[in-house]
Every structure is written in structure tokens, then in C-alpha cells.
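See below for the structure under consideration.
Since the structure is predicted, the reported quantities are computational estimates derived from the model, not experimental observations.
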Amino acid sequence: MTKLLAEERVNVRSVSLADMSDIGVLRIIVDDSARCTAALSRSGFMFQETEVIAVEMDDRPGGLHRVVQALAAEDVNIEYMYTTFEKSSDKAIVILRVDDGAVALEALKRHEISVLPAGRIQML
């Protein structure tokens, strides 16, 4: 898959790989999701596009806890998360899959936590 994406000139911006009992799950953030899904489809890869939230947080002790605490206050469950960093920033980025995106976005906004727009995620 990495060879395919390289040949298609799709840049992988963030990646998470998990080994399940009988399959592996690769989660990626790319710079061009349309080109990525077209290439994966043509090549017969099984995949699923999933809505995630990218949050900018302070890269210091307690930065992640602030994000988790804001979601827990509204009973939003985190299904999975992984982190990435911007080259030109002292902030960390956490990618979250949650059970209720609308409630999560409101909670993060109320706690003044910066949610990144999709266009910025693709430029990480």
C-alpha cells in the first residue's frame, strides 16, 4: 500500500497501525483523500473512510488530559486516538475518533480547545 500511495503521489501525513487477532488496521491521514481512495479502490484494497477530529494541544504535561477531560465532561467516548506534530509548531495534534462528533465539537469549543479544519489536517 505504501508503494501504491507513493506512485500515486499521495502524501501520508499521519499513520497508526494496530494488530488485531486476525487482521491489521492501518489508519492514515493523507494530503489528498480522493486520490487515495481512488488508488486503493483500483488496487482492490479493503478500506473505509472515517470521520475524525484533529485537535491542537499544548505539547507539555497535561496537554492531552485537558482534551480528554473536556470530552469526558460531556460523556463523549473516545474510540481511538493517535498523535502527530506539525513541523513548524510547538503544538501537538491529536487525531480522535469519538462516538458523538457533534457533542465532541461543542465540548471542545466550550473548553477553548482548537479543532483543526480538514484542509489544515491535510497540510500537517
Side-chain angles (χ1 to χ4, degrees):
M1 191 218 48
T2 57
K3 181 177 188 255
L4 171 69
L5 295 182
E7 289 170 349
E8 293 290 327
R9 309 208 36 86
V10 173
N11 195 7
V12 177
R13 298 295 188 175
S14 184
V15 64
S16 169
L17 178 62
D19 182 24
M20 308 302 238
S21 60
D22 56 346
I23 62 168
V25 176
L26 178 67
R27 295 182 173 106
I28 58 175
I29 304 289
V30 297
D31 66 340
D32 189 331
S33 60
R35 195 167 13 154
C36 179
T37 57
L40 293 173
S41 291
R42 280 193 315 272
S43 297
F45 282 92
M46 287 181 28
F47 68 92
Q48 176 181 341
E49 287 187 271
T50 305
E51 295 271 334
V52 293
I53 298 171
V55 174
E56 188 175 60
M57 63 183 191
D58 292 329
D59 185 16
R60 61 170 178 76
L64 179 60
H65 178 66
R66 183 169 173 251
V67 173
V68 171
Q69 189 175 33
L71 297 174
E74 300 297 325
D75 292 322
V76 174
N77 292 313
I78 299 171
E79 296 176 4
Y80 61 80
M81 76 169 92
Y82 51 100
T83 60
T84 189
F85 295 88
E86 284 187 280
K87 295 177 214 172
S88 61
S89 174
D90 62 348
K91 301 286 187 182
I93 309 296
V94 64
I95 310 294
L96 301 160
R97 169 73 176 161
V98 297
D99 65 345
D100 191 331
V103 172
L105 290 172
E106 284 300 316
L108 294 165
K109 182 178 178 180
R110 254 192 318 283
H111 286 85
E112 298 179 355
I113 295 172
S114 178
V115 176
L116 302 181
R120 180 145 169 234
I121 297 168
Q122 294 173 341
M123 298 306 293
L124 291 175

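Side-chain heavy atoms closer than 4.5 Å link hydrophobic residues (I, L, V, M, F, W, Y) into clusters, and following such links, even through other members, never connects V15 to M46.
Distance CD1/I113 to CD/Q69: 8.5 Å, rounded to 0.5 Å. Residue E56 holds its CD atom at 5.5 Å from CG of L116, rounded to the nearest 0.5 Å.
Within the structure, every pair that satisfies the salt bridge (Lys or Arg N to Asp or Glu O under 4.0 Å) test and touches residues 104-117, not counting sequence neighbours, is listed here: E74-R110. Sorted by first and then second residue, the pairs that involve residues 57-73 and meet salt bridge (Lys or Arg N to Asp or Glu O under 4.0 Å), not counting sequence neighbours, are D58-R60, D58-K91. Counting only residues at least two apart or on different chains, no side chain to side chain donor-acceptor pair (under 3.5 Å) pair has a member in residues 44-54. The salt bridge (Lys or Arg N to Asp or Glu O under 4.0 Å) pairs that include a residue from residues 17-30 number zero, where partners must be two or more places apart or lie in different chains.
Annotation: side chain to side chain donor-acceptor pair (under 3.5 Å) contacts of R42 (sequence neighbours excluded): E8. The side chain to side chain donor-acceptor pair (under 3.5 Å) check on E79 picks up R97, with sequence neighbours excluded.
Exactly one residue among L71, L96, I53, V68 makes a side-chain contact (heavy atoms from CB on, under 4.5 Å) with V76. That residue is L71.
Across all non-hydrogen atoms, the minimal contact from A107 to A70 is CB-O, 3.6 Å. Contact between R9 and R35 at its shortest, heavy atoms only, is O-NH1, 3.1 Å.
T37 places a side-chain N or O within 3.5 Å of a backbone atom of A34 that can act as its donor or acceptor partner.
Using a 4.5 Å cut-off on side-chain heavy atoms (C-beta onward), I28 and L5 make contact. Contact check for Y80 versus V52: side-chain heavy atoms found under the 4.5 Å cut-off.
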Item to check | Working for side chain to side chain donor-acceptor pair (under 3.5 Å), residues N11 and D31 | outcome: CA-CA 5 Å; N11 195 7; D31 66 340; 4.8 Å; no
